[in-house]
S.K.: 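Right, I'll just put the structure down here and ask away after.
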Amino acid sequence: MGTRRDEEQGFSTEKPRDRVVLAGVNLPAAWGGGQGGDADLPELARLVDTAGADVVGQVEQNRHRPTPSTFLGKGKLEDLQELVEQTEANLVVFDNDLSPAQGKNLEKVLEVNVIDRTELILDIFASHASTKQARLQVELAQLQYMLPRLTRLWSHLERQAGGIGTRGPGETQLETDRRLVNKRIAVLRRQLQEIESSRSTQVRSREGVFKASLIGYTNAGKSTLMNGITDARVYVKDQLFATLDATTRKVEIDERRRFLLTDTVGFIRRLPHHLVESFKATLQEVQDADLMLHVVEASSEDPQHQIDSVNEVLQEIVPEDKPTLMVFNKMDLVDEELFKNRYSRHYPEAIFISAKSKEGWAELRDAIVKHMTVDERIVKVAIPITNLQCLSRFHRTGSVIEQTFEADLCHAVLRVKEEELNRLLSREGATLLE
Ligand SMILES: Nc1nc2c(ncn2[C@@H]2O[C@H](COP(=O)(O)OP(=O)(O)OP(=O)(O)O)[C@@H](O)[C@H]2O)c(=O)[nH]1
Ligand SMILES: [Mg+2]
């Protein structure tokens, strides 16, 4: 499938676009392994489109449980086979997760490549990764996905082994392969750790500054909002997973108030576990945030469903409850009154905006400021000048309102939170003046 660079430079890739048939099985929600619930073929079609291929047909089936060997039932599999032939498709994409054996069996029957949704998402992530960190993270997720599937690649050799207790060439090759993959995984982990430790230094310099993080379903408009509020110039496109890296910028509300805003990778229903795991470093910014801005695409078919999916992924990343502001975006595309009536009942504090037309921005800014100033107060303290360095972080956040010197004391008027004041008084030898 074509890469983003090909698209940007207007090259047509030599390889013709893949012709894809979609397949999905609707299972009872109680079915284990995270595969339960209805297939979402329209979303799968968007993923295929984002990956640069064409959807030429689809089959869908309701079942109580998947058929162990081929996932689809016999009759439906024949339909699929016929459809693949008729449409001259060269790839089948399943909405459900396939086991390595199911993938192999399906390929045997259908005589075309078969991949599942996880593999497709990994493929999109791989072609959208533009920084070193994102590339390493995607490769790690891909190798982890591949590891249990290596048998599939080498099964033809294994068969030659034969006999009980013989170590055939296939098995040896497979072992070599597994060892190589594991070795590469270890290298990737180490490189990612190195990037991570250089990031920790950056994070330290931001201590004490209020941090807000944009989170939400892919294509909700997070990067559009980021670019509107800051000068970040993050890549924006009407496609899934346009952003894979975390970008952080300083936002000045006025002379005295500033905060840091981070834009990062979007979520999706059933985001592959390996990806969440590999992207933990990028998503660290979300963990460090004082406030999450949960951006929701108001014009999507089912906003509530997207909110639920995001919350599900969030649980893996942010274990504790974090202050969250719901931000319904793309209000220019919906009936505003109807939508507000419907959603403000569930989300009374929600903000309704259009990142494109900048409608609702003042409300958004005020809501962020409100979160920043919760339990803040203005105090006057005296600090021994020998301890003056303890003021540096208040200078960084713009919380020093006034500062005068008297003998060996510094009199400072500060905007502080209760815990910060306690620390100043108990650890830095400050005294409260008023
Ligand atoms: N009509 C309308 N379109 C918007 C609005 N905000 C964003 N969009 C469009 O929605 C699409 C996705 O926007 P992005 O900002 O890339 O979305 P994102 O949430 O960063 O997406 P990912 O990075 O893929 O997770 C783009 O085509 C934007 O132009 C809005 O308020 N109104
Ligand atoms: Mg984005």
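Read the numbers this way: they start at 1 and go in the same order the structure lists the ligands and their atoms.
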S.K.: Could you pull out, from S223, G228, S354, the option with a heavy atom nearest to atom 20 (O) of ligand 1?
M.R.: S223
S.K.: Is E297 near ligand 1, meaning one of its heavy atoms is under 4.0 Å from it?
M.R.: no
S.K.: Within the 4.5 Å heavy-atom criterion, are E60 and K76 side-chain neighbours or not?
M.R.: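 The answer is no, as the side chains (C-beta and beyond) never meet within the 4.5 Å cut-off.
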S.K.: Salt bridge or not between D245 and R135? Use side-chain N to carboxylate O under 4.0 Å.
M.R.: no
S.K.: Quick check: do Q61 and L72 have side-chain heavy atoms less than 4.5 Å from each other?
M.R.: yes
S.K.: What residue and heavy atom of the protein are closest to atom 6 (N) of ligand 1, and at what distance?
M.R.: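 Of the protein heavy atoms, N329 ND2, 3.2 Å lies nearest.
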S.K.: Under the salt bridge (Lys or Arg N to Asp or Glu O under 4.0 Å) rule, what do R269 and E43 come out as? Steps first, then yes or no, please.
M.R.: CA-CA 10 Å; R269 179 183 67 103; E43 182 170 82; 3.5 Å; yes
S.K.: Can an N or O of Y235 be found at a distance shorter than 3.5 Å from an N or O of ligand 1?
M.R.: no
S.K.: For D116 and Y145, test the side chains for any donor-to-acceptor distance below 3.5 angstrom and give the result as yes or no.
M.R.: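 On atom types as modelled, these side chains qualify, holding a pair under 3.5 Å.
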S.K.: Any pair with a residue in residues 336-346 that passes side-chain hydrogen bond (donor to acceptor under 3.5 Å, both in side chains), sequence neighbours left out, goes on the list, sorted by first then second residue, please.
M.R.: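 Listed once each, the pairs are E336-K340.
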S.K.: Between R184 and E139, does any side-chain N to carboxylate O distance fall below 4.0 Å?
M.R.: yes
S.K.: Does a side-chain N-to-carboxylate-O contact under 4.0 Å join R415 and E376?
M.R.: yes
S.K.: Which of the atoms of ligand 1 are close to L333, meaning less than 4.0 Å from one of its heavy atoms?
M.R.: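 Listed by number with element: 1 (N).
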S.K.: Without hydrogens or angle criteria, can the side chains of D302 and Q306 be said to hold a donor-acceptor pair below 3.5 Å?
M.R.: no
S.K.: For D263 and ligand 1, does the shortest N/O to N/O distance drop below 3.5 Å?
M.R.: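 No; every N/O pair is 3.5 Å or more apart.
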S.K.: Does CD belonging to E359 count more than 12 external heavy atoms closer than 6.0 Å?
M.R.: no
S.K.: Do V112 and L91 have side-chain heavy atoms sitting under 4.5 Å apart?
M.R.: no
S.K.: Looking only at distance, does L240 have an N or O less than 3.5 Å from an N or O of ligand 1?
M.R.: no
S.K.: If I apply the N/O under 3.5 Å rule, does A220 come out as touching ligand 1?
M.R.: yes
S.K.: Distance to 0.1 Å, residue and atom name: give those for the protein heavy atom nearest to atom 25 (O) of ligand 1.
M.R.: K222 NZ, 2.9 Å
S.K.: Can you pull out the closest protein heavy atom to atom 23 (O) of ligand 1? Residue, atom name and distance to 0.1 Å, please.
M.R.: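 Here the closest protein heavy atom is T243 OG1, 2.8 Å.
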S.K.: Among all protein heavy atoms in this structure, tell me which lies nearest to atom 15 (O) of ligand 1, with the distance rounded to 0.1 Å.
M.R.: T224 OG1, 2.5 Å
S.K.: Quick check: does A355 get an N/O under 3.5 Å from an N/O on ligand 1?
M.R.: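 The answer is yes, given that A355 and ligand 1 share an N or O pair closer than 3.5 Å.
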S.K.: Verify the neighbour count for atom CD of E111: are there more than 12 heavy atoms of other residues, nucleotides or ligands below 6.0 Å?
M.R.: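 Incorrect, the count does not exceed 12.
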S.K.: For D332, counting its heavy atoms only, list the atoms of ligand 1 lying under 4.0 Å from any of them.
M.R.: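 Listed by number with element, the hits are 1 (N), 2 (C), 30 (C), 31 (O), 32 (N).
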S.K.: Quick one: do the T70 and N105 side chains pair a donor with an acceptor below 3.5 Å?
M.R.: no
S.K.: What is the closest protein heavy atom to atom 16 (O) of ligand 1, and at what distance does it sit?
M.R.: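 Looking only at protein heavy atoms, the one closest to atom 16 (O) of ligand 1 is K237 N, 3.3 Å.
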S.K.: For ligand 1, which is the ligand I care about here, please tell me if G221 has any N or O atom under 3.5 Å from one of the ligand's N or O atoms.
M.R.: yes
S.K.: When you measure from atom 24 (O) of ligand 1 to every protein heavy atom, which one gives the shortest distance, and what is it?
M.R.: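 Protein heavy atom with the smallest distance to atom 24 (O) of ligand 1: A242 N, 2.7 Å.
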S.K.: Which ligand 1 atoms does Q239 reach within 4.0 Å, using its non-hydrogen atoms?
M.R.: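 It comes down to these atoms of ligand 1: 24 (O).
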S.K.: Is a side-chain donor-acceptor pair under 3.5 Å present for T262 with S213?
M.R.: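 Not at all, the side chains of S213 and T262 share no donor-acceptor pair under 3.5 Å.
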S.K.: Number the atoms of ligand 1 from 1 as they appear, then name those within less than 4.0 Å of a heavy atom of F241, with their elements.
M.R.: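 This gives 24 (O) as the contact atoms.
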S.K.: Do you see a donor-acceptor pair shorter than 3.5 Å between the side chains of H274 and Q142?
M.R.: no
S.K.: Could you tell me if S223 and D263 have a donor-acceptor pair between their side chains, going purely by distance under 3.5 Å?
M.R.: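 Looking only at side-chain atoms, S223 and D263 do form a donor-acceptor pair, the distance falling under 3.5 Å.
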S.K.: With heavy atoms under 4.0 Å as the rule, classify the contact between V234 and ligand 1 as side chain, backbone, both or neither.
M.R.: neither
S.K.: Given N219, T50, I353, identify the one with the heavy atom nearest to atom 21 (O) of ligand 1.
M.R.: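 Comparing heavy atoms across N219, T50, I353, the nearest one to atom 21 (O) of ligand 1 lies in N219.
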S.K.: Hey, is M331 touching ligand 1 through its side chain, its backbone, both or neither, going by heavy atoms under 4.0 Å?
M.R.: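 For M331, no heavy atom sits under 4.0 Å from ligand 1.
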S.K.: If we only look closer than 2.8 Å, how many protein N, O or S atoms does the Mg ion (ligand 2) have near it?
M.R.: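 The number of such protein atoms is 2.
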S.K.: Under 4.0 Å from a heavy atom of G266: which atoms of ligand 1 are those, numbered in the order shown and with their elements?
M.R.: 25 (O)
S.K.: Looking at D95 and R117, is any side-chain nitrogen of the basic one under 4.0 Å from a carboxylate oxygen of the acidic one?
M.R.: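 Answer for the salt bridge query: yes.
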S.K.: What is the nearest protein non-hydrogen atom to atom 8 (N) of ligand 1, stated with its residue, atom name and distance?
M.R.: K330 CE, 3.6 Å
